[in-house]
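Remarks on the structure that follows.
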Amino acid sequence: MVSADIKEGRRDEIAELARRRGFLWLAFEIYGGAAGFYDYAPLGALLKRRVETAWRAFYTREGFYEIETTSVAPRDVFEASGHLESFTDRTVVCKHCKTFFRVDEGIDINKSCPECGGALEAAGEFNLMFQTTIGVPKGERGGKVLDKSEGYLRPETAQGTFLNFPRLLRFNRDKLPFGVIQIGKAYRNEISPRQSLIRLREFTIAEAEVFVYPEEKNKHPRFEEVKERKLRLVPGEGAQAQEEMEKTVEEAVRSGTIANEYLGYHMAKVGEFLEGIGIPRDKLRFRQHEPEEMAHYARDCWDAEFFSDRYAWMELVGVADRGDYDLSSHASYSNTDMGVYPQPQSQVQAEGEAEKAKAKAKIIPHVIEPSYGIDRIIYALLESSFYEEQVGKEKRKVLRFKKEMAPIRAAVFPLLNRDELKHKAKEVFQDLRNEAIFVEYDDSGSIGRRYRRQDEIGTPYCITIDYDTLEDDTVTIRERDTMEQIRVPVAEVKEVLLKGSYGTGKQL
RNA sequence: GCGUCGAUGGUCUAGAGGUAUGACUUGGGCCUUCCAAGCCCACUGCCCGGGUUCAAAUCCCGGUCGACGCACCA
C-alpha cells in the first residue's frame, strides 16, 4: 500500500528552496547543527503564523476557547499521564547482527534474535521525554544529594488542558460538551530524527480537547453540518488493514466504520481545515490505527495522512478518542474530583431514591482530540504548492500557496529604476503596509526578474507602477498563477488584494 | 542507536599533497516602458577537532550534520 513513487530530485529542490529563500534553516548551524531542530526563517515564520492564525480562527468558530499552559511540568504529571512508563523503551541488541529491538511482550533479554538467532544483550533505557531539574536540587544546597525536583518538557499540550479540567468545567458553567484548544511547542527526544520537518525534537502542536458525556458521543449537536462530507478512509480495526473506501461521514458513522458522531464530526473538520489552507484533497486520507499502533491513552485513533511525493503517506493530524483515560488517571493520582454530574443539579427533578442517586453520581467525561502537527503541515504545504514550469526559455519555480497563506501578499515595483517611478511605488507600498497588508517593495534588476523572485516565494500579486500611473493613478496587478495583468485604480488595489477578484471575471 | 555513502562561496558544482574551477544568486553602476535580456565592477568558500607531512581542502583517526537501509516514531 505504501509503495511510493519517490521523486528524489523534487524533494531536494524544495529543501533547497526553503533554505535559500528563507523559509527554514537548520538550527545551531554555526555550531554544526543538531539533528531534529529547525528554525523558521522570515518567510517560514510568516507561513507558519498564517497556518496558526487560520487554525485558531477555525476552532474559534467551533466555540472553543484557547488556553496556554506551561511546557515544563513536574514528574507527577507524567507519572499520572502514563508518559513516563509508556515513553520509556528498554532496548536490546543482537550481539551477532546488531539489530536493535524494543523490549515488549515478544522480545526480552532471555530470548534469541528474531532476525538471525543470535544472543541478545541489554542496550539501555530510553525515554522520549526531555528531563530537566526544577529549581535548585535540594541536595546541592547542603552538598549532599538528598532529593531533586524532577521535571520534563511536555510531549504534547493536552496534559496542560487536562490538569485544568475542573476549572475549565467551572468556566463553562458546569456544562458539557465544550472544547479547549492549545497551540504550542512540544518536545520528544527522538532516537533518530530525520526528514526535515517530519520528525523533529522540538515541534509545534495544535490540539483541541473536546469534553463530552460518554453517552452523548453519538449526539453531536452539529453533526448535520458535516454529514454529507466525503472522507477517504482506510479502516484498520481488527488487526488487519482493510481496503480503502470513500464514504460520507454519515455513512461511515452509521455503518460503524467510524465509532461515533464526535469522532466523525472532528475528522470531517480536520479534512475541512486541511483543504481550506490549500492541501489538495486527492492527497489526503484518514487511516485508522491498528490496536498495537495506538498510543497508551487512546481507545481509537484516525490519522489524517498526506501523500508526499518524497515520503509517501505521512501523518499530519491524529484524531483520537482518549476516552476517560487522562481525566481518570489525574483524578486518582492527584486525588482531585474530575467528575461531572450527568445533568445540571438545578434541573434534576428526580423522583425516588434511585433516580436521585443516579442524578448525583458523577461521571468522568470522555475526550475527543484532534492533534495537528503544524510543522508537518508546513512541509505538506511547501511540497504540494511547489511547481516548476517552462515559460519561454526559462524554468519558472512557483509556490502556489492560497493567497491567504502566502507569506507575502503582494510586491510593489516601479517598472523602471527611475526616481519618479520609485517615489510613487514607495508611496503605494507604504500605504498598503499602513493598511496592515503584508507587502514588499523591490526595484532591483529587471521587472521579469522581480516577478520570478516573487513567484518562487509564492507571492500572489505584483503591483507595478509605470508612467501611466503618474498620469491617471492606475497600476497593473499581475497574478502569480496565470501571469496575467489587469489595470486598476490605486484606490482599489487594497480591495483586489483582499478580495482576490475584480470585476473582470479574471480570478485574481 | 547500527551500517553504507557524502560534506568545497548564499545555491549548485570542478578539482586535487603546494591556500581552488565554473555557473547561478546577491550588492553597486550603465541600460531597459511588463515576465530571470545585455555590459561593467564587487563581495563571499574547502564542516569541526586531532594526527601524518617542509606543506593538508586533499591522506589517516575521531566528531558533527545530511541522504539511504535496519531499528525507533508513545
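Letters A, B, ... mirror the listed sequences (proteins, then strands); counts begin at 1.
Between the P atom of B:C65 and the CZ atom of A:F37 lies a distance of 10 Å, rounded to the nearest Å. The distance from atom CZ of A:F413 to atom C1' of B:U32 is 16 Å, rounded to the nearest whole Å. In this entry the distance linking CG of A:L26 with P of B:A67 reads 10 Å, nearest Å. Rounded to a whole Å, the CD1 atom of A:I198 is 11 Å from the P atom of B:A67. We find that CZ of A:R452 is positioned 9 Å from P of B:A37, with the value rounded to whole Å. Between A:Y187 atom OH and B:C73 atom P the separation is 22 Å, expressed in whole Å. Put simply, CZ on A:R478 is 20 Å from P on B:U33, counting in whole angstrom units. Residue A:I191 contributes atom CD1, which lies 7 Å from atom P of B:C73 at whole-angstrom precision.
A residue-by-residue look at A:D442 and A:S446 shows that A:D442 has its nearest nucleotide of RNA chain B further toward the 5' end. Residue A:A34 is the one, among A:H83 and A:A34, whose nearest nucleotide of RNA chain B lies closer to the 5' end (criterion: closest heavy atom).
A donor-acceptor contact under 3.5 Å links the side chain of A:T476 to the base of B:C34. In the interface, the side chain of A:Q485 is paired with the base of B:C34 through a donor and an acceptor atom under 3.5 Å apart.
Across all strands shown, B:U19 remains unpaired; no Watson-Crick or G-U wobble contact has both distances below 3.5 Å. B:C2 and B:G69 make up a base pair, with Watson-Crick or G-U wobble contacts both under 3.5 Å. The nucleotide B:C47 finds its pairing partner in B:G63, both defining distances of the Watson-Crick or G-U wobble pair being shorter than 3.5 Å. Using N1 to N3 plus N6-O4 or O6-N4 for Watson-Crick, or N1-O2 and O6-N3 for G-U wobble, each under 3.5 Å, B:A56 pairs with nothing. Figure legend. B:C35 is base-paired to no nucleotide; pairs are counted as Watson-Crick or G-U wobble with both atom distances under 3.5 Å.
Comparing the C1' positions of B:G9 and B:A14 gives an interatomic distance of 14 Å, to the nearest angstrom. Atom name C1', nucleotides B:C60 and B:G22: the rounded distance is 31 Å, in whole Å. Nucleotides B:A7 and B:G45 have their C1' atoms positioned 13 Å apart, rounded to a whole Å. Here the separation of B:G17 from B:A57, taken at their C1' atoms, is 10 Å to the nearest Å. Atom C1' of B:U64 sits at a distance of 14 Å from the matching atom of B:G50, rounded to the whole Å. Taking atom C1' on both B:U33 and B:C41, the two are 27 Å apart, rounded to the nearest angstrom. Between B:G27 and B:G10, the distance separating the two P atoms is 15 Å to the nearest Å. Distance check on atom C1': B:A23 versus B:G18 gives 27 Å, rounded to whole Å.
The A:Y467 side chain lies nearest to B:U33 when the options are B:U33, B:A67, B:U32. Of the candidates B:C34, B:U11, B:G69, B:G69 carries the atom nearest the A:R194 side chain, counting heavy atoms from C-beta on. Relative to the side chain of A:L415, the nucleotides B:A71, B:C34, B:G69 differ in distance, and B:C34 lies closest. Residue A:D466 has its side chain nearest to B:C34 when only B:G66, B:C34, B:A71 are considered. Which of B:C65, B:U32, B:G3 sits closest to the side chain of A:L416 comes down to B:U32. The side chain of A:A35 has B:C65 as its nearest neighbour among B:G1, B:A36, B:C65.
Residue A:D455 is classed as having no contact, given no heavy-atom separation below 4.0 Å to the nucleic acid. A:R199 comes within contact range of at least one nucleobase, with a heavy-atom separation under 4.0 Å. Nucleic acid contact class of A:R396 (heavy atoms, under 4.0 Å, all strands): none. Across all strands, A:Y297 comes closer than 4.0 Å to base atoms (heavy-atom distances).
Taking 4.0 angstrom as the limit, A:R453 places a side-chain polar atom (N or O) nearer than this to OP1 or OP2 of B:U26. Here A:R418 reaches the OP1 or OP2 of B:U32: one of its side-chain N or O atoms lies under 4.0 Å away. In this model, the phosphate group of B:U32 is not approached by any side-chain N or O of A:R450 to a distance below 4.0 Å at OP1 or OP2. Here A:S444 reaches the OP1 or OP2 of B:G27: one of its side-chain N or O atoms lies under 4.0 Å away. Proximity of A:R449 to the phosphate of B:U26: a side-chain N or O atom is located under 4.0 Å from OP1 or OP2.
Between the side chains of A:S329 and A:D326, no donor-acceptor pair is found at a separation under 3.5 Å. Side-chain atoms of A:E207 and A:T161 include no donor-acceptor pair closer than 3.5 Å. In this model, a donor atom of one side chain and an acceptor atom of the other lie less than 3.5 Å apart for A:S308 and A:E383.
For the pair A:R376 and A:F306, the NZ or CZ position fails the cation-pi test of under 6.0 Å to the six-membered ring centre and within 45 degrees of the ring normal. A cation-pi arrangement, defined by a distance under 6.0 Å to the six-membered ring centre and an angle within 45 degrees of its axis, is absent between A:R154 and A:Y187.
Residue A:E420 comes nearest to A:L470 through the heavy atom pair CG-CD1, 3.9 Å, listed as atom of the first residue, atom of the second, then distance.
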Exercise. Passes salt bridge (Lys or Arg N to Asp or Glu O under 4.0 Å), A:D309 versus A:K283? Steps please.
Worked result: CA-CA 10 Å; A:D309 289 334; A:K283 295 202 173 216; 3.5 Å; yes
For this session: Decide side-chain contact (heavy atoms from CB on, under 4.5 Å) for A:R452 and A:V391; before the verdict, give the C-alpha distance in whole Å, the side-chain angles of both, and the deciding distance to 0.1 Å.
Result: CA-CA 11 Å; A:R452 290 293 185 275; A:V391 176; 3.4 Å; yes
